[in-house]
Structure formats: structure tokens, C-alpha cells
Q: 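Structure in C-alpha cells, see below.
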Protein chains: 2
Amino acid sequence: MWTTRLLILGLVRWLQPVHGYDVLRELMSWGVADWAGVQRGSIYHGLKKLAADGDLAVVKVEQVDNRPARTVYRMTEAGDRHFHTLLREKLWGSAATSPDFLVAWSFVPVLSHREAAAMLRNRAGLLRDAYGELQAKLEHRGSDPTEPDFLPAHVTARLQLMLRHTQIEIDWSAETAKRIEAGELYDESDDRRTRDGASHWRDGIQRLDAHGRHRPKP
Amino acid sequence: MWTTRLLILGLVRWLQPVHGYDVLRELMSWGVADWAGVQRGSIYHGLKKLAADGDLAVVKVEQVDNRPARTVYRMTEAGDRHFHTLLREKLWGSAATSPDFLVAWSFVPVLSHREAAAMLRNRAGLLRDAYGELQAKLEHRGSDPTEPDFLPAHVTARLQLMLRHTQIEIDWSAETAKRIEAGELYDESDDRRTRDGASHWRDGIQRLDAHGRHRPKP
DNA sequence: TCATCATTAATCAACTTTGACCAAGTTCGC
DNA sequence: GCGAACTTGGTCAAAGTTGATTAATGATGA
């Protein structure tokens with residue numbers, strides 16, 4: 001899945017140098033299993049595959065006591081290029097209400113306000129098209145079950161649900177474009193600033209368990 | 001993916017005896033690639049796996065002229081049991097706004113009005129719980145980036161989007177439960193009736209191409 | 001009439017996902 | 001102070017997905 005690759009690339013980019021278990025814990029704390037369908041096994045596979053493809057590089061393999069060895073990764077230049085390509089692809093391209101957009105949205109502060117707002121307005125347009133298509137399907141449907149344009153009632157109920165979801169998504173995109181332009185969502189320099197200041201974030205990961213839950217006390 | 005299995009089981013159940021290409025065309029005409037993420041290759045794999053697992057049985061392999069041979073399937077009793085298990089599991093179990101529920105919803109006329117309405121009210125309950133959790137996350141979030149309950153603004157924007165989607169889903173579930181009880185969505189005898197009368201539906205499939213599009217003229 | 005393209009019904013290799021499992025160490029309840 | 005349960009950091013085989021490809025035929029069009 002491309003969502004897995006994007007999540008891993010994005011996180012290694014923030015946290016590098018970083019080992020697999022930390023990436024795992026951070027992603028689990030985001031709840032990606034719930035809203036993006038990414039499971040633990042996929043993350044280790046993804047790290048290896050990205051390393052084999054040259055998007056990540058292995059910095060070292062650490063051994064602490066007799067614990068399992070940690071593999072520490074960093075991003076390559078090619079990886080950074082691929083991250084940007086993938087991010088744009090998912091943000092600009094996916095109209096449907098799928099996890100793809102939400103996953104890519106996690107890394108939206110990488111974009112300038114200008115680009116982010118443009119992307120959201122483009123998305124609103126795509127969604128309006130999708131809305132129109134759904135509406136068309138609902139409107140000129142036949143009532144004769146033998147005709148090809150006939151739709152069973154429970155199917156039209158599903159289409160109505162999808163229609164409402166699409167409307168929500170259109171509104172949110174338009175509103176959020178405005179909020180970004182007003183500077184409400186993130187600082188434009190956020191990308192570099194947060195990458196430099198990611199240290200206390202990294203400390204936070206140490207207080208997560210393998211399911212991404214916060215631990216009571218150290 | 002379980003969605004793939006459920007879709008195939010459901011369709012073979014309606015249309016049996018049926019060959020893979022007809023299942024493919026029907027599913028593509030439903031647009032499952034768009035809203036359920038099921039691609040052509042997965043369908044043939046699914047048919048084979050289900051046959052290997054004993055949920056489907058191969059009736060015969062047809063050869064028309066020199067065309068590729070068609071493998072014709074029917075459902076076994078075990079397959080029917082698994083279909084019912086899977087259908088209930090996906091309808092009663094999945095709270096999140098995922099394709100799982102929508103896929104299972106395709107076969108809701110298999111259930112009695114009573115069970116369908118109960119299922120939808122149960123779902124509304126699960127969704128209200130999810131709504132509460134999202135809200136809690138949004139409310140007691142800290143504003144200090146070094147604290148573990150801090151959420152960046154673009155993440156809270158995503159949560160707000162998810163909240164609205166959840167609300168839509170709650171409303172739709174409640175409304176649709178009422179509509180089903182009023183007998184608006186399907187006849188209670190629909191399952192057997194339509195299975196017997198599936199013949200003109202089967203004819204309709206012959207006018208679809210491999211992408212599920214209706215062809216202009218025969 | 002000949003080249004080109006779509007249709008039909010599938011197969012296949014490459015890739016990805018999944019979740020059970022491992023093995024040493026640590027913490028917890030009682 | 002003992003066994004149960006969890007943590008750590010990962011591996012692995014089995015399963016699932018993907019989309020390019022096949023090979024014969026029918027339709028289209030210049």
C-alpha cells in the first residue's frame with residue numbers, strides 16, 4: 001500500500017535517525033490502524049523495502065544488552081524526493097473519501113500555505129464532480145427492475161449516504177483552505193522548525209508502548 | 001481482504017451457477033473498485049481461494065469455440081454458512097467509516113427487517129461511542145507542544161472532519177432503521193424471491209463489458 | 001482489405017499485508 | 001519470592017493484491 005510507504009517516509013523524515021520500533025510506536029499512537037488500516041507487520045516490511053529501494057539507508061544496527069538488535073534508519077535524497085512526489089500525488093489526486101487523503105494530510109505542513117490552499121480548492125472541485133455523478137446516478141434511475149438503470153432501494157440508500165459524506169468533505173475542504181490562508185493551521189516555516197525541534201517529540205515516543213498507548217509513569 | 005471474499009460469496013450466491021467473468025463484470029458495474037477498493041485480479045484469486053477452502057465448488061469448465069475456458073462455480077453449504085457469518089460480522093461489528101460496512105450493506109436484504117433495524121441501531125450506538133472518543137480527544141488536548149496530549153492544529157482539523165463524518169453516519173443509521181421498519185427498503189421475502197427471479201438480472205450482466213460499463217447496443 | 005483496437009476469460013510474478021511467534025528481560029499481583 | 005503477564009525489537013510463512021500479459025476473435029475504420 002502507498003499509505004504505508006508515505007507514513008514511514010514521513011516519519012523517518014521527521015525523526016531520523018530512528019529505528020523501526022520508534023516508528024511503530026509513533027504510528028500506533030496516531031491510531032493509524034483504525035483510520036488508515038496499517039498494521040504492525042507492514043511497518044517493518046515497509047522499512048526494509050524502502051531501504052532496499054534506496055529511499056532509506058541503514059545507519060547502524062544497535063545492540064543494547066541482550067535485547068533484540070535495533071536497525072536505525074535515515075532518509076536518502078532519493079527518499080526525500082519520493083516523499084514529496086507521493087505526498088503531492090495523494091493530496092492532489094485522491095477525490096474519494098479514502099484513507100489516502102487523510103494519511104497524506106498528516107504531512108500537510110510540508111507544503112506552503114499557498115500550495116495547501118490551492119490543493120484544497122482543487123480537491124473541493126474534484127469532490128463536487130463526484131457529487132454530481134452520484135446525484136446523476138440517483139436521479140435518472142429507472143423503476144423497472146428489468147432495465148439496466150434500475151437500482152434497488154438499499155443501493156440508493158447507500159448512494160445517499162455517500163452523497164452526504166461527499167458534501168461534508170466539500171465543505172471541510174473549502175473551510176480549511178480559508179483557515180490555512182489565515183495562518184490558523186500551521187506556521188509556514190513549520191517544516192524545518194519542527195524538524196530541528198523534534199527532540200522533545202522523540203522523547204515523548206519513549207513513553208509509548210507497542211500499541212501507541214501512553215504509559216502511566218516512568 | 002474480507003471485503004473481497006464477502007462480495008464474491010454474495011454474488012455467487014445470487015447468480016449461481018456462475019463463472020468468474022460474470023462475477024467480475026457485475027462487481028465492476030457496482031463500482032467496487034471506487035468505493036471498496038477491489039480490483040480485477042483479486043476477484044479471480046478470491047474465487048480460487050474460496051474454492052480451495054471449500055466455500056465454492058467448481059461445477060464445470062466450459063469451452064466455447066477457442067475462447068479462454070470458463071470456470072463455473074456454485075456455492076457449497078459451508079460457503080453459505082460462512083457468507084452469513086461474515087455478513088453479520090461486518091454489519092454488526094464495524095463502527096468506523098470504512099468500506100467494510102458498505103460492502104456488507106450490499107447484501108442487507110438477506111436479513112429480516114427486525115434484524116436489519118436492530119443492527120442499524122446497534123451501529124448507531126457504536127458510532128456514538130466513537131463520536132464521544134473523538135470529542136474527548138479534541139477537548140482535553142493540551143496547548144503545550146511538549147506535553148503528550150498536545151495535538152498540532154492540522155491534526156485537530158482531521159479529527160473535526162472525522163467527527164462530522166461520524167455524525168452523518170449516526171443520523172443515516174437511525175433514519176435507515178426507521179425506513180426498514182416501514183418496509184421502504186426491501187421486501188422481507190426479497191432474499192428468496194430475488195434469488196429465484198435473478199434470471200433477468202443475469203441477462204443484464206451480458207450487456208456489461210469488463211469494466212462494468214453498459215454497452216450501447218447488442 | 002489490412003492494420004488496429006476492443007473483447008473475452010483468465011493467468012502470473014512481483015509485491016504487500018497479516019498476525020502469530022520468538023527469546024531475553026522486566027514488572028506486577030499476591 | 002513465584003509465576004503470570006508484559007515489554008522489546010523484530011522475523012517469518014501464509015495469504016492477499018495488483019496490473020501486465022496472453023491468445024483467439026470480432027468490430028472499426030481508412
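A, B, ... follow the sequence lines: proteins, then strands. Residue 1 opens every chain.
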Q: Does some side-chain heavy atom of L27(A) sit less than 4.5 Å from a side-chain heavy atom of L11(A)?
A: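 L11(A) vs L27(A): side chains touch.
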Q: How does each nucleotide of nucleotides 9-17 of chain D score, in 5' to 3' order, for protein heavy atoms under 4.0 Å: base (B), sugar-phosphate only (S), or none (-)?
A: BBB----BB
Q: Roughly, in whole Å, what's the span from CD1 in I8(A) to C1' in dT16(C)?
A: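 Roughly 11 Å, once rounded to whole Å.
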Q: Applying ring pair (Phe, Tyr, Trp, His ring centres under 6.0 Å), name anything that partners F83(B), two or more places apart in sequence or on another chain.
A: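 Only F107(B) meet the ring pair (Phe, Tyr, Trp, His ring centres under 6.0 Å) criterion with F83(B).
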Q: Under the side-chain hydrogen bond (donor to acceptor under 3.5 Å, both in side chains) test, which residues partner R5(B), sequence neighbours left out?
A: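 So R5(B) forms a side-chain hydrogen bond (donor to acceptor under 3.5 Å, both in side chains) with D53(B).
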Q: Sequence neighbours left out, what passes ring pair (Phe, Tyr, Trp, His ring centres under 6.0 Å) with H165(B)? Give chain and number order.
A: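 By the ring pair (Phe, Tyr, Trp, His ring centres under 6.0 Å) rule, H165(B) matches H165(A).
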Q: side-chain hydrogen bond (donor to acceptor under 3.5 Å, both in side chains) with Q135(B): which residues, sequence neighbours excluded?
A: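 For Q135(B), no residue satisfies side-chain hydrogen bond (donor to acceptor under 3.5 Å, both in side chains) once neighbours in sequence are set aside.
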Q: Q167(A): what forms a side-chain hydrogen bond (donor to acceptor under 3.5 Å, both in side chains) with it, not counting sequence neighbours?
A: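 Once residues adjacent in sequence are excluded, the partners of Q167(A) under the side-chain hydrogen bond (donor to acceptor under 3.5 Å, both in side chains) criterion are D171(A).
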Q: Test of understanding: with ring pair (Phe, Tyr, Trp, His ring centres under 6.0 Å), list the residues that count as partners of W172(B), not counting sequence neighbours.
A: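 With neighbours one apart ignored, the set is W105(B).
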Q: Applying side chain to side chain contact (heavy atoms under 4.5 Å, CB included), name anything that partners N122(B), two or more places apart in sequence or on another chain.
A: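 With sequence neighbours excluded, N122(B) shows a side chain to side chain contact (heavy atoms under 4.5 Å, CB included) to W92(B), L126(B), given in chain and number order.
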Q: Expressed in angstrom and rounded to an integer, what is the separation of M28(A) atom CE from dT18(C) atom C1'?
A: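 Result: 12 Å.
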Q: Let me know the distance between CD1 of I43(B) and P of dT18(D), rounded to the nearest Å.
A: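 After rounding, the reported distance stands at 10 Å.
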Q: Take the C1' atoms of the five end pairs on each side of the helix from dT1(C)-dA30(D) to dC30(C)-dG1(D), derive the two axes, and give their angle rounded to 10 degrees.
A: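 Answer for the end axes of this duplex: 40°.
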